[in-house]
Visitor: 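Below is one structure. I have some questions about it.
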Amino acid sequence: MSEKITPREENFSQWYIDIVLNAQLADYAPVKGCMVIRPRGYALWEAVQTELNRMFKETGHSNAYFPMLIPDSFLRKEAEHVEGFSPELAVVTHAGGEELEEPYVLRPTSETIIWSTYKKWIQSYRDLPLLINQWANVIRWEKRTRLFLRTTEFLWQEGHTAHETEAEAVEETLKMLNVYKTFVEDYLAIPLLTGPKSQSEKFAGAIDTYSIEALLQDKKALQAGTSHFLGQNFAKAFDVKYQTREKTLDYVWATSWGVSTRLIGALIMTHSDDKGLIVPPKVAPQEVVLIPIFKSSNKEAVLDYCADLEKELRGAFRVAVDADDKQSPGWRFAEWEMRGVPVRVEVGPRDMENKKAVLVRRDNGEKKVVDRNAIVSEIKELLDDIQKALFDRALKFREDNTTSVSSYDEFLPLFEGEKAPGFVEAMWCGDPECEAEIKADTKATIRCLPFDRQNRVAGTCFHCGREAGHVAVFAKSY
RNA sequence: CGGGGUGUAGCGCAGUGGUAGCGCGCUGCGUUCGGGACGCAGAAGUCGCGGGUUCAAGUCUCGCCACUCCGACCA
């Protein structure tokens, strides 16, 4: 069984790669760290795009597109920004057979090209807020890449907004963080921690960075998306001023926020098992696979019987049908399990005779024999159940792998050895030096200061013993 | 970018200097079919890339590249 997939226990990294390649989500490309996203993988990305676009538009945003080539000088206008990104830039130095006077950078993110444009578009408070999103590719020359999780080129969306007031920009930052949380939890069924990053972990050029943090099956944390409050940093760097309602001039307030194809990696690593991919029904390119079971003697009769059923299913669900007579039923079962389709419908001679069908859940393998006539409502119920069960299972995993500590003596052993300990929460003083020492000792980083865990009484920092005003969540991360 | 490992048919691998192999998969035909069926016939290779040694290199040697594991780096 599943000989193609390395078990998680044996080698988690290899398991992940096996899933990506065997479920035909992506393939390696000729250039270091780049991947080809195959139709089955791209369909997942399209599901992400469809829902997020709906949510972005409901919150007042419009899509636009800015160029991929950015003049080198633009990057340099915001000091922290250039410092943060320059090590991973790819630069175009030649074009049209000649060396360029000024090199172009392949965008690692679009703040600079967008803010240079916003300068032209914003004069008055009447031009605000400006709420724009773009779907784009970006290039970051990372040292160590991994399919979907960290690739040299990746697809993402980046929202860039401009506001009259600080309060409005902060509100936007948190609103979009919450859009991400809602989408990722409700559709991808991945439970998240949300909250601000520590100052040392924030985005280059931001005042505050907020993130959504997931815990994957190997107990490492993944930053699944970010929303940044940029203050007036980019407005100042690109001289974007507007006339206020009081007829004064002021710099606008900015946000930016993004999620990427990394979400597909998070999806895989959260739900899948040793048989292959598991996809939550709401984003599954195919919710149901119909597998007719027949012998050559009764093939025609079974397929006839399935024709009506298929029509009915297609009226209600996204459906695949696999009636390949070159493959045994067992082979087809295993194949569609690897592809992650949430519900399998088996129909053979027995079912035909009894006016039944067999439903099998991908998430836990349970089989259920149902009346042919009730099949649509039965599947609907099952899909809802699976969606919920996947989230609940992931949430339980996270809770089972979250530890609370009050001293460094408790903390240190958790981060010894190969295995990651999951999320570890502790009272923390907020000092970057204290954070750096912890990281140097253990490789643990602060994932965020979760909003919903700040209700503890004030105490002392678990590491340095000084007064502590935050609960921080530590983990080993991707 | 540093250290280790790997690179031979689509995939997994064998092949210690002398004719390019095996299993799975693939194509065709037939028999099978309720958890990865079987028979027969067939197709498929610049042995990762580039130099060097040699009468002769998949094999020895140097360089490079890719993947992978571990580090450093990382919205």
Side-chain angles (χ1 to χ4, degrees), chain A residues 1-6 11-18 21-22 24 27-35 80-81 83-89 107-111 138-147 149-152 154 156-158 197 200-206 209-213 222-228 230 256-262 275-276 291-299 302 322-338 344-354 356-358 360 365 367 369 418 439-440 443 445 477-478:
Chain A
M1 282 323 99
S2 313
E3 300 156 326
K4 291 175 172 176
I5 295 174
T6 306
N11 183 337
F12 190 85
S13 294
Q14 192 59 49
W15 166 80
Y16 174 73
I17 292 163
D18 288 348
L21 298 179
N22 288 312
Q24 299 177 0
D27 207 347
Y28 289 109
V31 175
K32 175 180 169 53
C34 290
M35 65 175 178
E80 288 183 18
H81 194 66
E83 191 188 331
F85 280 106
S86 54
E88 52 192 71
L89 292 179
R107 63 178 163 219
T109 179
S110 299
E111 273 78 4
V138 289
I139 302 275
R140 296 181 188 181
W141 221 263
E142 302 283 0
K143 301 290 187 197
R144 195 166 163 187
T145 57
R146 235 172 136 81
L147 293 166
L149 291 183
R150 185 178 293 101
T151 45
T152 300
F154 57 94
W156 75 348
Q157 58 70 218
E158 46 181 328
K197 301 294 268 189
S200 58
E201 294 276 337
K202 72 183 187 183
F203 175 69
T209 287
Y210 300 84
S211 74
I212 53 175
E213 296 284 334
L222 183 76
Q223 178 175 302
T226 47
S227 186
H228 312 292
L230 303 175
S256 70
W257 27 273
V259 295
S260 72
T261 36
R262 173 180 276 189
K275 291 179 174 177
I291 300 193
I293 296 161
F294 47 76
K295 308 181 182 197
S296 43
S297 58
N298 59 17
K299 178 176 175 182
V302 173
D322 188 351
D324 186 352
D325 61 5
K326 298 289 185 229
Q327 304 294 2
S328 69
W331 195 94
R332 285 179 280 158
F333 297 165
E335 187 63 20
W336 287 95
E337 279 165 357
M338 176 148 67
R344 177 171 78 237
V345 180
E346 302 173 11
V347 176
R350 283 208 299 266
D351 309 300
M352 205 165 71
E353 207 161 303
N354 303 328
K356 301 278 186 186
V358 180
V360 186
K367 289 192 179 191
V369 180
E418 287 298 300
K439 186 178 176 183
K443 291 168 200 153
T445 54
S477 78
Y478 275 95

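As the structure is a prediction and not an experimental result, all values here were calculated from the model. In what follows, chains carry the letters A, B, and so on, assigned in the order in which the sequence lines appear, proteins first and then strands, with residues in each chain numbered from 1.
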Visitor: Can you tell me the distance, in whole Å, between the CD1 atom of Ile293(A) and the P atom of G36(B)?
Guide: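 Nearest whole value for this atom pair: 12 Å.
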Visitor: Are Phe203(A) and Tyr210(A) near enough that their ring centres are under 6.0 Å apart?
Guide: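 Aromatic pair excluded; centres sit 6.0 Å or further apart.
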Visitor: Which comes earlier along RNA chain B counting from the 5' end, the contact point of Arg146(A) or that of Arg262(A), where each point is its nearest nucleotide?
Guide: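 By nearest-heavy-atom nucleotide position, the 5'-most residue is Arg146(A).
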Visitor: Of all the nucleotides listed (C33(B), G35(B), A75(B)), which has the minimum atom distance to the side chain of Val360(A)?
Guide: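 So the side chain of Val360(A) is nearest to G35(B).
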Visitor: Using the P atom as the point on both nucleotides, what is the distance between U16(B) and C67(B), in whole Å?
Guide: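 29 Å, rounded to whole Å.
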Visitor: Say we look at G39(B) and U46(B): how far apart would their C1' atoms be, to the nearest angstrom?
Guide: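 Pairwise C1' distance, G39(B) against U46(B), rounds to 36 Å.
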Visitor: Is Glu337(A) side chain donor-acceptor paired with the G35(B) base, going by distance under 3.5 Å alone?
Guide: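 Pair found.
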Visitor: For a quick test of reading the model: is some side-chain N or O of Ser328(A) closer than 4.0 Å to OP1 or OP2 of A37(B)?
Guide: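 Yes, within the criterion.
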Visitor: Distance check: side-chain N/O of Gln327(A) vs OP1/OP2 of C26(B), anything under 4.0 Å?
Guide: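 It does, given that an N or O in the side chain of Gln327(A) lies less than 4.0 Å from OP1 or OP2 of C26(B).
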Visitor: Tell me what Pro349(A) touches on the nucleic acid: a base, only sugar-phosphate, or nothing, going by heavy atoms under 4.0 Å.
Guide: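 Touches a base.
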Visitor: Where the side chain of Lys143(A) is concerned, which of G34(B), A75(B), C1(B) is the nearest nucleotide?
Guide: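 The answer is C1(B), which lies nearest to the side chain.
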Visitor: Look at the rings of Trp156(A) and Phe154(A) and say which category their plane angle falls in: under 30° parallel, 30 to 60° tilted, over 60° perpendicular.
Guide: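 Ring orientation, 0 to 90° scale: perpendicular.
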Visitor: How far, in whole Å, is G50(B) from G42(B) if one measures between their P atoms?
Guide: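 Rounded to whole Å, the distance is 33 Å.
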Visitor: With respect to the phosphate group of U68(B), does any side-chain polar atom (N or O) of Tyr28(A) fall under 4.0 Å of OP1 or OP2?
Guide: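 Checking U68(B) against Tyr28(A), a side-chain N or O does come within under 4.0 Å of OP1 or OP2.
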Visitor: From CG of Leu89(A) over to P of C73(B), roughly how many Å is that when rounded to an integer?
Guide: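 Value for this atom pair: 19 Å.
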Visitor: In whole angstrom, give the distance that lies between atom CD1 of Ile139(A) and atom P of A75(B).
Guide: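 Checked: the CD1 to P distance equals 17 Å.
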Visitor: At under 4.0 Å between heavy atoms, what does Ser256(A) touch on the DNA or RNA strands: base, sugar-phosphate, or nothing?
Guide: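 Since no nucleic acid heavy atom lies under 4.0 Å of Ser256(A), the category is nothing.
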Visitor: Roughly how many Å is it from CG in Asn298(A) to P in U32(B), rounded to a whole number?
Guide: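 Between P of U32(B) and CG of Asn298(A): 11 Å.
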Visitor: Given the C1' atoms of C26(B) and A44(B), what is the spacing between them in whole Å?
Guide: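 Here C26(B) and A44(B) have their C1' atoms 9 Å from each other.
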Visitor: With sugar-phosphate meaning primed atoms plus P, OP1 and OP2, does Asn11(A) contact a base, only sugar-phosphate, or nothing at under 4.0 Å between heavy atoms?
Guide: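 No contact at all - Asn11(A) keeps every heavy atom at 4.0 Å or more from the nucleic acid.
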Visitor: At 4.0 Å (heavy atoms only), tell me whether Gly258(A) reaches a base, stays on the sugar-phosphate, or touches nothing.
Guide: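 Gly258(A): no heavy atom of the nucleic acid under 4.0 Å.
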Visitor: Out of A75(B), G36(B), G34(B), which has the shortest distance to the side chain of Asp351(A)?
Guide: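 Shortest atom-to-atom distance from the side chain points to G34(B).
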Visitor: For the side chain of Phe203(A), counting heavy atoms from C-beta on, which of A75(B), G34(B), G36(B) is nearest?
Guide: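 Shortest atom-to-atom distance from the side chain points to A75(B).
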Visitor: Using a distance-only criterion (donor-acceptor N/O pair, under 3.5 Å, no hydrogens), is the base of A75(B) paired with the side chain of Ser260(A)?
Guide: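 It does, because a donor-acceptor pair links the side chain of Ser260(A) to the base of A75(B) below 3.5 Å.
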Visitor: So what does Lys32(A) hit on the nucleic acid, given a heavy-atom distance under 4.0 Å: a base, only sugar-phosphate, or nothing?
Guide: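 Touches sugar-phosphate only.
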Visitor: Considering residues at least two apart in sequence or located in another chain, which fulfil the side-chain contact (heavy atoms from CB on, under 4.5 Å) criterion with Lys299(A)?
Guide: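 Residues passing side-chain contact (heavy atoms from CB on, under 4.5 Å) with Lys299(A): Phe294(A), Leu303(A), Asp325(A).
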Visitor: Check every strand shown and say whether Phe294(A) touches a base, only sugar-phosphate, or nothing at a heavy-atom separation below 4.0 Å.
Guide: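 Touches a base.
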Visitor: Check whether more than 12 heavy atoms from other residues, nucleotides or ligands sit under 6.0 Å from atom CD of Gln24(A), and answer yes or no.
Guide: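 For Gln24(A), atom CD is crowded (more than 12 foreign heavy atoms under 6.0 Å).
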Visitor: How close or far is atom P of C74(B) from atom CD of Glu80(A), stated in whole angstroms?
Guide: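 Between P of C74(B) and CD of Glu80(A): 14 Å.
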Visitor: Ignoring hydrogens and geometry beyond distance, is a side-chain donor-acceptor pair present between Thr209(A) and His228(A) at under 3.5 Å?
Guide: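 The criterion, which ignores hydrogens and geometry beyond distance, is satisfied for His228(A) and Thr209(A).
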Visitor: Check the side chains of Ser110(A) and Glu158(A) for a donor-acceptor pair under 3.5 angstrom, ignoring hydrogens and angles.
Guide: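 Their side chains do contain a donor-acceptor pair, which is all the 3.5 Å distance test asks for.
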Visitor: For Arg144(A) and C70(B), is the shortest distance between a side-chain N/O and OP1 or OP2 below 4.0 Å?
Guide: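 Yes, such a contact exists.
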Visitor: Side chain of Lys295(A), heavy atoms from C-beta onward: which of G34(B), A75(B), C33(B) has the nearest atom to it?
Guide: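 Comparing G34(B), A75(B), C33(B) against the side chain of Lys295(A), the answer is C33(B).
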Visitor: Need to verify one output field. Residue with the more 5' nearest nucleotide on RNA chain B, Lys367(A) or Glu88(A)?
Guide: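 Looking at RNA chain B, the more 5' nearest nucleotide goes with Lys367(A).
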Visitor: Using the P atom as the point on both nucleotides, what is the distance between U8(B) and U53(B), in whole Å?
Guide: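 So the two P atoms sit 27 Å from each other.
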Visitor: Side-chain N or O of Thr109(A) versus OP1/OP2 of A75(B): is the shortest distance under 4.0 Å?
Guide: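 Looking at the OP1 and OP2 atoms of A75(B), neither is under 4.0 Å from any side-chain N or O of Thr109(A).
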Visitor: Under 4.0 angstrom, heavy atoms only, what part of the nucleic acid is Phe154(A) near: base, sugar-phosphate, or nothing?
Guide: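 Answer is base: heavy atoms of Phe154(A) come under 4.0 Å of a base.
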Visitor: May I ask you to check whether Asn11(A) and Thr6(A) show a side-chain donor-acceptor distance below 3.5 Å?
Guide: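 Absent: no donor and acceptor within the cut-off.
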Visitor: Distance check, C1' atoms only: G30(B) and G34(B), in whole angstrom units.
Guide: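 So the two C1' atoms sit 23 Å from each other.
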Visitor: Mind checking the C1' distance from G36(B) to G28(B)? Whole angstroms is fine.
Guide: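 G36(B) and G28(B) have their C1' atoms separated by 22 Å.
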Visitor: Mind calculating the distance between CZ (Phe12(A)) and P (U68(B)) to the nearest angstrom?
Guide: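 It works out to 15 Å between those atoms.
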Visitor: Tell me what Val358(A) touches on the nucleic acid: a base, only sugar-phosphate, or nothing, going by heavy atoms under 4.0 Å.
Guide: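 Val358(A): base contact, heavy atoms under 4.0 Å.
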Visitor: Between C60(B) and C73(B), how far apart are the two P atoms, rounded to whole Å?
Guide: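 Each nucleotide's P atom is 37 Å from the other's.
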Visitor: From C-beta outward on Glu335(A), which listed nucleotide comes closest to its side chain: A75(B), G36(B), G71(B)?
Guide: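 The listed nucleotide nearest to Glu335(A)'s side chain is G36(B).
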Visitor: Would you mind classifying the nucleic acid contact of Gly33(A) as base, sugar-phosphate or nothing, using non-hydrogen atoms under 4.0 angstrom?
Guide: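 The residue Gly33(A) makes sugar-phosphate contact but no base contact.
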Visitor: Does any donor atom in the side chain of Gln223(A) or Ser477(A) lie under 3.5 Å from an acceptor atom in the other side chain?
Guide: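 On atom types as modelled, these side chains do not qualify, holding no pair under 3.5 Å.
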